[in-house]
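The block underneath contains the structure these notes are about, expressed in structure tokens.
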Amino acid sequence: MKINKSASKMITRTLGAIALTSGVAAASVASNQALLESKVDSANAHRGLEVTGAIRGIAQASFVNTDQDPYGKNTKPDAERNEFVNADFNFGFRPWESVRANAMLRFYAGMQDYFAAAAKIIEVPWLNVEGQIGNSFYWTVGDFRQQYSPLTLFNPDVEVLYEPTVFARQRHMAEKQQLLEGNQRNLQGANVQFRHGLNDVFGEVRVEGMFARVNRAQPLDFSGAEGNILPNNTIAGATQASNTDKFVLAGNFELFPLKRNAYVGATAMYIFDNEDSKTVTYRHPNNDPTASLEDEEGNTIVETGYYREEAINPYDLSLQKTLVLGGRFGADVAGMMGNSSLILDATAEMALSSNDGITTVPMLNEDGEVESYVAINDPEKEGESGLGFNANVNVGYTGGSWKLKVSGDLVFNDSAWFNNLAQSPKFFAQRVLNSDYDGNTVKYGINSPLYTTFDALYNFAPKFSPVTASMKTDDNGFKEHLESYDFAPYSKNSYSSTVYSQAQLNLLAAMADPAIQMVLPNGLATANRQGLRANVTFGLGDWLEAQGLFGMFSQTSPLAGLSAVNYTDFGGGLKVDVFKALGFSKPLEISGSYRHTERSMDASAGGSAEMKTDFINAGLYVQYMPRLGFTAGFQMVNMEMNDLQQMYSAAQFASIATTAPMVTGKQMQWMVGLDYSLDKNVWLSLNFGMVSVENTYNTAVSTALGGDAVNLPVYADETLAEFTSEFTQTIVEASINVEF
């Protein structure tokens with residue numbers, strides 16, 4: 001690996017600036033922590049006011065280097081710097097004992113343009129009013145979070161077994177930037193709950209009703225990276241623009257009888273697009289501002305700049321009308337027996353979905369313009385029913401200083417099962433650092449030349465301004481845009497609480513990261529899956545924990561041309577706190593894990609297609625002084641596929657763009673750092689790391705499909721049967737996270 005002189009100077013300057021900033025900030029945090037706590041206590045002491053919040057800041061520099069482009073065919077910037085600070089303040093106002101208003105005030109400043117007034121952002125991303133009537137009725141109007149169960153209302157996340165601390169902190173900050181909390185969905189509307197304790201036999205009863213909007217009618221620029229899955233593409237699901245408002249109306253009932261040792265629940269949800277909110281917009285024909293308008297005789301009426309009326313999202317005119325009915329029950333047998341050492345509980349859940357396939361067809365007037373839209377039911381999909389089923393059992397024993405637990409999940413979800421409030425993933429893999437270097441191909445996510453699993457998992461930038469296509473500085477240069485985005489700031493983050501449409505979910509399935517989303521990309525609600533998985537956990541005190549996992553799944557209805565599709569998932573990991581084992585109070589934590597996932601597909605015409613991935617983690621965290629610590633992390637992802645799998649992968653992406661299938665892929669990341677920690681989510685860290693990638697592609701397959709492969713860099717030699725892409729990414733960063 002080589003770093004050019006310019007990059008070396010940049011690293012030196014960045015390190016110096018970050019080190020100075022970090023030192024001052026560390027001293028400031030240390031000296032002002034007591035004062036901060038006293039101020040918060042003082043504010044909370046005032047009747048009717050509660051103040052909490054978080055401060056997050058990152059100074060980050062990333063440099064790309066490759067020896068494969070000696071002639072500089074890629075003229076895009078190979079360095080990127082992100083420097084920003086967020087301050088979130090949560091104010092809880094209680095004018096009366098039974099009513100409370102909550103508001104989050106977010107202050108943002110990009111440190112690169114700190115002195116520009118326009119660069120300062122003040123927003124209110126969270127606002128609601130909540131209250132209670134008596135001791136049993138509770139209500140919320142505005143923003144709220146909620147989850148019911150994996151098949152009804154859920155925000156499925158990705159799992160990394162024993163994730164190193166230095167990386168886990170980055171992911172924590174990325175999710176908090178999006179206001180995410182666990183598997184809860186962020187909703188906006190009204191929520192009413194009744195919770196009341198009955199007696200030892202009937203336990204507690206909970207009844208809830210909610211009405212929330214999960215999407216709104218909104219026009220989005222087709223070339224904008226913000227709000228689009230594939231900017232400038234014309235296939236269904238490529239844009240997240242919506243022709244109508246999308247709502248959910250839900251009711252939930254839960255009963256916890258037998259001293260809360262049993263559980264019965266039922267949920268009804270109706271997810272629909274409101275036809276009355278259908279909105280149109282005006283655009284140039286085919287987005288061409290030079291288009292002219294002609295009369296019936298072919299005479300030009302308008303030379304250029306002709307607008308016409310069309311749907312906000314003309315590539316997906318469908319309307320959702322989905323009914324989901326779910327029921328679940330469970331019991332804590334050990335609790336019924338009164339045995340606190342025994343672990344024995346089980347739950348089961350079944351949900352039915354009925355989904356109407358409704359398409360809106362534009363009606364034209366005499367001038368050929370859109371006059372109205374008419375909803376038409378698709379007879380083949382009207383009332384299409386699907387079934388989802390999950391069962392879970394936990395068996396184990398806790399004896400003094402040790403613990404053993406075995407968990408198992410049984411899954412059966414047919415191919416027609418659909419509930420986007422449970423299937424929309426929390427993680428959608430996107431390119432983050434050095435995205436300018438990808439140019440026109442950055443929008444293809446996992447198929448972009450510089451894509452790595454680590455970049456999508458851990459990095460984020462609240463506001464990023466991309467470069468223009470021509471790299472010119474005059475007005476003409478700013479008029480030239482890339483196919484992947486318009487020249488406008490946008491947020492780079494792989495995490496969200498977005499509820500996707502069916503077309504968008506289908507597109508995301510083709511763009512999922514196989515290293516972490518191969519088996520259950522949409523969590524336990526993933527459609528077209530059946531199988532089981534098991535997890536064994538063993539612990540000694542609070543200083544050792546080990547896990548082993550195994551899963552086998554298959555598609556209930558294999559895709560066209562395939563007779564069977566099977567998935568295998570197994571692995572294990574260990575976490576040891578050496579200092580605690582020796583009786584010291586400070587941690588010296590060592591962790592490691594290995595996970596293997598595999599997909600095999602049997603073709604109807606014969607032959608088998610296979611894709612295999614391995615994910616390795618190793619981490620170290622030690623505090624060598626009262627609050628000073630050292631972190632280190634290592635991750636590696638290996639991927640391999642055979643010839644038939646290469647053909648299938650290329651065909652899967654064919655509707656989006658031409659790709660060269662990956663024969664083998666190797667991603668490796670390491671990072672070390674120093675930190676000053678006051679609490680679990682209060683730290684100041686200075687980190688240095690590197691990502692190394694070596695991917696080998698079968699260029700012959702992409703050539704056979706026609707066109708240039710979007711996942712190859714501009715300097716790739718496609719005359720070769722195989723091409724190996726190699727690059728490194730050097731990352732220097734300082735981060736501060738304070739949650740109070």
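By convention here, the first residue in the shown sequence is residue 1. Model, not experiment: these values are computed from the prediction.
In summary, the side chains of Thr631 and Thr165 do not present any donor paired with an acceptor at a separation below 3.5 Å, with no hydrogens or angles considered. When only modelled atom types and interatomic distance are considered, Asn434 and Gln729 share a side-chain donor-acceptor pair under 3.5 Å. A donor and an acceptor atom, one from each side chain of Asp513 and Tyr451, are located under 3.5 Å apart. Residues Asn228 and Thr239 have side chains that bring a donor and an acceptor to within less than 3.5 angstrom of each other. Between the side chains of Glu739 and Asn737, at least one donor N or O sits under 3.5 Å from an acceptor N or O. Between the side chains of Asn535 and Gln547, a donor-acceptor pair is found at a separation under 3.5 Å. Between the side chains of Thr728 and Ser692, no donor N or O sits under 3.5 Å from an acceptor N or O. Residues Thr441 and Ser448 have side chains that never bring a donor and an acceptor to within less than 3.5 angstrom of each other. Glu733 and Asn687 are linked by a side-chain donor-acceptor pair at a separation below 3.5 angstrom, with hydrogens and angles left out of the test.
Using a distance-only test at 3.5 Å, with no hydrogens or angles considered, a donor-acceptor pair links the side chain of Glu226 to the main chain of Ser491. With Thr696 contributing its side chain and Val663 its backbone, the two residues share no donor-acceptor pair below 3.5 Å. The main-chain N or O of Glu726 is found under 3.5 Å from a side-chain atom of Gln68 such that the two form a donor-acceptor pair. Using modelled atom types, one side-chain atom of Ser424 and one backbone atom of Tyr500 make a donor-acceptor pair closer than 3.5 Å. Not a single donor-acceptor pair under 3.5 Å links the side chain of Asp486 to the backbone N or O of Ala488. The main-chain N or O of Gly573 is never found under 3.5 Å from a side-chain atom of Ser593 such that the two would form a donor-acceptor pair.
Take Pro156 and apply the side-chain contact (heavy atoms from CB on, under 4.5 Å) test, not counting sequence neighbours, and it matches Phe154, Arg185. Judged as a ring pair (Phe, Tyr, Trp, His ring centres under 6.0 Å), and not counting sequence neighbours, the contacts of Trp670 are Phe688. For Thr664, there are no side chain to side chain donor-acceptor pair (under 3.5 Å) partners, not counting sequence neighbours. Residues satisfying the side-chain contact (heavy atoms from CB on, under 4.5 Å) criterion with Val432, sequence neighbours excluded, are Asp455, Asn459, Lys492. Taking Asp88 as the reference, Arg56, Arg106 meet the side chain to side chain donor-acceptor pair (under 3.5 Å) condition, with sequence neighbours excluded. Under the rule for a side-chain contact (heavy atoms from CB on, under 4.5 Å), Ala509 has no partner lying at least two apart in sequence or in another chain. For Ala225, the side-chain contact (heavy atoms from CB on, under 4.5 Å) criterion is met by Tyr485, Tyr490, not counting sequence neighbours. With sequence neighbours excluded, no residue forms a salt bridge (charged side-chain N to carboxylate O under 4.0 Å, His left out) with Arg627. Residues forming a salt bridge (charged side-chain N to carboxylate O under 4.0 Å, His left out) with Glu181 (at least two apart in sequence, or on another chain): Lys176. For the side chain to side chain donor-acceptor pair (under 3.5 Å) test, no residue two or more places apart in sequence or in another chain qualifies with Glu589. The side chain to side chain donor-acceptor pair (under 3.5 Å) check on Asn447 picks up nothing, with sequence neighbours excluded.
Counting heavy atoms from C-beta on, the side chains of Ser484 and Asn232 never come closer than 4.5 Å. Looking only at side-chain heavy atoms (C-beta outward), Tyr594 and Phe570 come within less than 4.5 Å of each other.
Cation-pi contact between Arg529 and Tyr567: present, with separation from the ring centre below 6.0 Å and deviation from the ring axis of at most 45°.
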- Item | Derivation and outcome, side chain to side chain donor-acceptor pair (under 3.5 Å), residues Asn86 and Gln177 | CA-CA 9 Å; Asn86 275 358; Gln177 183 69 25; 2.6 Å; yes
- Message: Is there a side chain to side chain donor-acceptor pair (under 3.5 Å) between Glu598 and His596? Walk through the geometry before answering.
- Response: CA-CA 7 Å; Glu598 182 175 332; His596 174 88; 3.1 Å; yes
- Task: Quick one: do Glu163 and Arg171 satisfy salt bridge (Lys or Arg N to Asp or Glu O under 4.0 Å)? Show the steps, please.
- Result: CA-CA 10 Å; Glu163 191 172 37; Arg171 185 144 74 110; 3.1 Å; yes
- Decide side-chain contact (heavy atoms from CB on, under 4.5 Å) for Tyr444 and Asn711; before the verdict, give the C-alpha distance in whole Å, the side-chain angles of both, and the deciding distance to 0.1 Å. CA-CA 8 Å; Tyr444 296 108; Asn711 56 338; over 6 Å; no
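Separation of the Tyr458 and Phe167 ring centroids falls under the 6.0 Å cut-off.
For residues 568-581, the pairs satisfying side chain to side chain donor-acceptor pair (under 3.5 Å) are Asp569-Arg595, with sequence neighbours left out.
The CD atom of Gln517 sits 8.5 Å away from atom CG of Leu508, with the distance rounded to the nearest 0.5 Å. We find the CE-CE distance between Met611 and Met639 to be 5.0 Å, quoted to the nearest 0.5 Å. Rounded to the nearest 0.5 angstrom, Asn566 CG and Ser600 OG are separated by 4.5 Å. Interatomic distance, CG of Leu574 versus CD of Glu545, reported as 9.0 Å (0.5 Å rounding). Distance check: Arg431 CZ to Leu433 CG gives 7.5 Å after rounding to the nearest 0.5 Å. Atom-to-atom distance recorded for Arg169:CZ and Lys680:NZ is 11.0 Å, nearest 0.5 angstrom.
Between Lys426 and Asp157 a salt bridge is recorded (basic side-chain N to carboxylate O distance below 4.0 Å).
Other residues, nucleotides and ligands place no more than 12 heavy atoms under 6.0 Å from the CD atom of Glu483.
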